[in-house]
Undergrad: 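I have a structure I would like to understand better, so I am pasting it below and will then ask my questions one at a time.
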Amino acid sequence: MNIAGKTKITGLFGYPVEHTLSPAMHNAAFEHLGMDYCYVPFLVHPHFIREAVGAVRALNMVGVNVTIPHKESVIALLDSVDEEAVFIGAVNTIVHREGRLAGYNTDGRGFMRSLAENHIPVAGKTILVIGAGGASKAISYYLSEKAEKLYLYDIDKNKLEKLVSDLMKIRKNVSALDQLARLNDFEIIINATPLGLKSEDPSPFDVSGLMPDQTVCDLIYRRTPLLQKASLRGCRTMDGLGMLLWQGALAFELWTGVPPPVEVMKNALLMSFR
Ligand code: NAP
C-alpha cells in the first residue's frame with residue numbers, strides 16, 4: 001500500500017480495536033479495485049470520542065466505522081442520522097460529505113443481504129429472535145418489515161419489553177415470548193445472544209426437537225455448536241460471517257459510491273480467521 005498525499009482515509013473507532021477484521025476486508029477491497037484509499041483502526045477511549053469524531057472533519061477523512069462502545073454516543077455528534085439508525089439508536093458508519101457528517105447503521109441491512117445471499121426467504125415467515133440487545137434491534141427492524149410474525153425472547157425481561165414496545169410503534173406483527181417453548185412453530189430461529197462465543201457456552205435453546213424444515217441462524221461469525229447441532233437435525237443454518245461481510249460492504253459503498261467487491265472482501269475475512 002502506497003500512502004501518498006491524495007490517499008483517502010477511512011477507519012474504525014472502537015475501544016478495543018485490536019481484534020477487528022475490518023481492516024483486512026476493506027484494504028483488500030481498495031487494493032483489488034486499485035483505489036487510493038486505506039482503512040486504519042483507531043483505539044478511541046470513550047473520553048475522546050468527541051475529539052475523534054471532530055477529527056473526521058478536521059483530517060478530511062472519508063468516513064469511519066464505529067464499534068463498541070461508541071455506537072450510541074456518536075449520534076449526538078453528527079449532522080444527520082438516517083431513519084434506521086435513529087430507530088436502532090446506534091450508528092456503525094459515519095460518512096463525511098463536504099464538512100457534514102452523516103450516520104448510518106448497516107448491521108441490519110447486512111444481515112438481510114446475508115439471508116438473501118443464502119436464499120433464505122423472510123417474507124411471510126414466522127421468526128423467533130433470541131436476544132434483545134443492539135444486534136437484535138438492528139435485525140428486528142428489517143425482519144419485522146417482511147416477516148408474517150416476529151417473536152422476540154430475552155432473559156432480561158425489561159430489555160425485551162422495551163424492544164418489543166419500540167418495534168410495536170412502527171409494526172403490528174411483533175410480540176414478546178415469555179418462555180422458549182413450541183420451537184417448531186418458528187420457521188426461522190435466530191440467536192442474537194453472545195451464547196456460543198465461548199466454546200463452553202450452553203446452547204441458547206434445546207435443539208433436540210428441531211425439524212429439518214426449520215432454519216437456524218447465529219449472529220456469531222463462526223459455526224457455533226448451536227449451528228452444528230441444528231445441521232445434524234437436518235436444519236438449514238447460517239452463521240454471522242455474512243452479516244459482518246455485508247455490513248462492511250454496505251459501508252464501503254457509502255464511503256466510495258463504488259459497488260463493493262464482495263468476494264474479495266469475503267476471502268480477506270476468511271484469510272484473517274486462519
Ligand atoms: P448484547 O447487547 O449484549 O445483547 C445480547 C442480549 O442477549 C442481552 O440482552 C442478553 O441479556 C441476552 N441474553 C444472554 N443470554 C441469553 C439467553 N440465554 N437467552 C436469552 N437472552 C440472552 O449483544 P449484541 O451486541 O446485541 O450482540 C449479540 C451477538 O451478536 C453477539 O454474539 C455478537 O458477537 C453478535 N454480533 C454479530 C455481528 C455480525 O456482524 N455478525 C454484529 C453485531 C453483533 P443479558 O444482558 O441479561 O445477558
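All ligand and atom numbering here is 1-based and tracks the order in the structure.
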Undergrad: Counting heavy atoms only, which of S114, S136, G131, A135 is nearest atom 44 (C) of ligand 1?
TA: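 Looking at heavy atoms only, A135 sits closest to atom 44 (C) of ligand 1.
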Undergrad: Enumerate the atoms of ligand 1 whose separation from the nearest heavy atom of D156 is less than 4.0 angstrom.
TA: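 In order of numbering, the contacting atoms are 47 (O).
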Undergrad: Under 4.0 Å, heavy-atom basis, I'd like to know which part of F111 is in contact with ligand 1: side chain, backbone, both or neither.
TA: neither
Undergrad: Start with the C-alpha distance between D166 and K137, add both sets of side-chain angles, then the distance that settles salt bridge (Lys or Arg N to Asp or Glu O under 4.0 Å), and finish with yes or no.
TA: CA-CA 9 Å; D166 284 352; K137 193 165 190 181; 3.1 Å; yes
Undergrad: Between ligand 1 and Y221, is the shortest N or O to N or O distance under 3.5 Å?
TA: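 Between Y221 and ligand 1 (N or O atoms, distance only) the closest approach is not under 3.5 Å.
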Undergrad: Once you measure the plane-to-plane angle for F252 and H26, does it fall in the parallel (<30°), tilted (30-60°) or perpendicular (>60°) bin?
TA: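 Taking H26 first and then F252, their aromatic rings lie parallel (interplane angle under 30°).
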Undergrad: In the hydrophobic clustering that connects Ile, Leu, Val, Met, Phe, Trp and Tyr at side-chain heavy-atom distances below 4.5 Å, which members other than Y153 occupy its cluster, ordered by chain and number?
TA: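 Listed partners: L128, I130, Y151, I155, L177, L180, L183, F186, I189, F205, V207, L210, V216, L226, L227.
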Undergrad: Show me which atoms of ligand 1 lie under 4.0 Å from any heavy atom of Y153.
TA: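 Going through ligand 1 atom by atom, the ones under 4.0 Å from Y153 are 19 (N), 20 (C).
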Undergrad: On the six-membered ring of Y141, is R109 placed so that its NZ or CZ lies under 6.0 angstrom from the centre and within 45° of the ring axis?
TA: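 No, R109 and Y141 do not form such a contact.
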Undergrad: Just going by heavy-atom distances, which of G134, G108, G110, G196 is nearest to atom 2 (O) of ligand 1?
TA: G134
Undergrad: Between P204, P194, S203, flag the one that comes closest to atom 31 (C) of ligand 1 by a heavy atom.
TA: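 Among P204, P194, S203, the closest heavy atom to atom 31 (C) of ligand 1 comes from P194.
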Undergrad: Protein heavy-atom contact under 4.0 Å for atom 33 (C) of ligand 1?
TA: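 Given the 4.0 Å limit, the answer for atom 33 (C) of ligand 1 is no, no protein heavy atom qualifies.
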Undergrad: For ligand 1, does A138 get within less than 4.0 Å through its side chain, its backbone, both, or neither, judged by non-hydrogen atoms?
TA: neither
Undergrad: Heavy atoms only, cut-off 4.0 Å: how does K159 contact ligand 1, side chain, backbone, both, or neither?
TA: side chain
Undergrad: Quick one: which of L195, T67, L219 has a heavy atom closest to atom 38 (C) of ligand 1?
TA: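 Considering heavy atoms of L195, T67, L219, the nearest to atom 38 (C) of ligand 1 sits in L219.
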Undergrad: If two hydrophobic side chains count as joined below 4.5 Å and joins carry through other members, does V17 share a cluster with F13?
TA: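 No, because V17 and F13 fall into different hydrophobic clusters, even though each may have its own neighbours under 4.5 Å.
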Undergrad: May I ask which of I155, L245, D239, D218 has a heavy atom nearer to atom 19 (N) of ligand 1 than the others do?
TA: I155
Undergrad: Which atoms from ligand 1 have a heavy atom of I220 less than 4.0 Å away?
TA: 32 (O)
Undergrad: Would you mind listing the cluster partners of L197? Hydrophobic ones only (ILVMFWY), side-chain contacts under 4.5 Å, chaining allowed.
TA: I220
Undergrad: Once you restrict to heavy atoms under 4.0 Å, what part of I130 touches ligand 1? Side chain, backbone, both or neither.
TA: side chain
